[in-house]
Amino acid sequence: MKLAVLFVCLGNICRSPTAHGVLLKKLERAGLAGLVRVDSAGTGDWHIGKAPDARTQAAASRAGYDLSQLRARVVCAEDFQRFDYILAMDQDNLRQLQAMRPAQFRGILELFLRQGGVDTGEVPDPYYGGPEGFEQVLSLVEQACDGLVRQLQERLR
Ligand code: 4NP
């Protein structure tokens, strides 16, 4: 693997696993599957070891993404050695990651949407809302993953 991307949200059961599954599929379609490692993690520890939320899996599944094999974990200090991109779903996640960031980290720590060229800023936390929130997450994630794949493609040329 030449590059590695980590997506981070709060629980690692809604937003970041969606981005994880969507990016894997888009990398596969772009012929980059073997070149980029993808993972996801949460800043909170409530859901360690759990599969993505049923509502997240349902929205992803309708669009052709299988998230059933993913399991939640917490972001850790070593992640800053293992990943070139650490992409946060919202400002709160980003602040927590900035506080963990070691001085030697040379990768990109940024809001996922900003890095993917989508201007709306944050991927809103869908956990306590209705079903439309999960569709909105998927739509934002798909747009930003398209931008990210173009960028990864360019770096790997
Ligand atoms: P996520 O969503 O950060 O996108 O995985 C959440 C999942 C769980 C909780 C909050 C947000 N929670 O409070 O348990």
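All figures in this text were calculated on a predicted structure; none of them were measured in a lab. Because only heavy atoms are used, hydrogens play no part in the values below, and waters and symmetry mates are left out as well, while side chains stay in. Note that the numbering runs from 1 along the sequence shown for the chain.
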Does Arg106 count as lying over the ring of Phe80, i.e. NZ or CZ under 6.0 Å from the six-ring centre, within 45 degrees of the axis? no

4.5 Å side-chain heavy-atom contact, Val36 and Met1: no

d(Leu148 CG, Gln153 CD) to nearest 0.5 Å is 11.0 Å

Separation between NZ (Lys2) and CG (Leu32), nearest 0.5 Å, reads 11.0 Å

Are Arg82 and Arg37 side-chain neighbours, meaning at least one heavy-atom pair lies under 4.5 Å? yes

With a 4.5 Å heavy-atom cut-off, do Ile86 and Phe105 have their side chains touching? yes

Would the distance check show the side chain of Glu122 and the main-chain N or O of Gln91 forming a donor-acceptor pair, the cut-off being under 3.5 Å? yes

Would you check if Phe112 and Val141 make a side-chain contact, meaning some heavy-atom pair closer than 4.5 Å? yes

Ignoring hydrogens and geometry, is there a side-chain-to-backbone donor-acceptor pair from Lys25 to Gly64 under 3.5 Å? yes

Just by modelled atom types, is the Gln115 backbone N or O under 3.5 Å from a matching donor or acceptor in the Gln151 side chain? yes

Can you hop from Met89 to Phe134 via hydrophobic side chains spaced under 4.5 Å? no

Look up atom OG1 in Thr18 and atom NE2 in His20, then write down how far apart they are to the nearest 0.5 Å. 11.0 Å

Show the nearest heavy-atom pair for residues Ala51 and Arg71, with the distance to one decimal. CB-NH1, 3.4 Å

Any donor and acceptor pair, going by atom type alone, linking the side chain of Asp84 with main-chain N or O of Gly107 inside 3.5 Å? no

Output yes when a side-chain donor or acceptor of Asn12 lies under 3.5 Å from a complementary backbone atom of Arg73, and no otherwise. yes

To the nearest 0.5 Å, what is the distance between CD1 (Ile13) and NZ (Lys50)? 6.5 Å

Would you mind checking if Arg15 and Asp90 are paired as a salt bridge, meaning a charged N to carboxylate O distance below 4.0 Å? yes

Could you tell me if Arg55 sits above the aromatic ring of Tyr127, with its cationic atom closer than 6.0 Å to the ring centre and no more than 45 degrees from the axis? yes

Using 0.5 Å steps for rounding, measure from the CG atom of Asn93 to the CG atom of Leu109. 10.5 Å

Flag the pair Leu113 / Asp119 as yes when at least one side-chain heavy-atom distance between them is below 4.5 Å, and no otherwise. no

Side-chain heavy atoms nearer than 4.5 Å, only ILVMFWY residues, links allowed to pass through others: does that put Val137 and Val5 together? yes

According to a hydrophobic-cluster definition based on side-chain heavy atoms being under 4.5 Å apart (Ile, Leu, Val, Met, Phe, Trp, Tyr only), do Leu6 and Tyr85 belong together? no

I'd like to know if the side chain of Glu110 reaches the main chain of Leu87, judged simply by a donor and an acceptor atom lying under 3.5 Å from each other, with no hydrogens or angles considered. no

I want to check something: taking the side chain as every heavy atom from C-beta on, are Leu70 and Pro17 in contact at a cut-off of under 4.5 Å? yes

Is it true that Ile108 and Met100 fall in one hydrophobic cluster, defined by side-chain heavy atoms closer than 4.5 Å? no

Answer whether the closest heavy-atom distance between the side chains of Lys26 and Tyr65 falls below 4.5 Å. yes

Linking I/L/V/M/F/W/Y whenever any side-chain heavy atoms sit under 4.5 Å apart, do Phe7 and Leu152 land together? yes

To check you understand the geometry: which heavy-atom pair defines the closest contact between Val75 and Thr43, and what is its length? CG1-CA, 4.2 Å

Is there a donor in the side chain of Gln104 and an acceptor in the side chain of Gln81, or the other way round, less than 3.5 Å apart? no

Would you mind reporting whether Ile48 and Val74 have side-chain heavy atoms less than 4.5 Å apart? yes

dist Cys14:SG -> Leu138:CG (nearest 0.5 Å) comes out at 12.5 Å

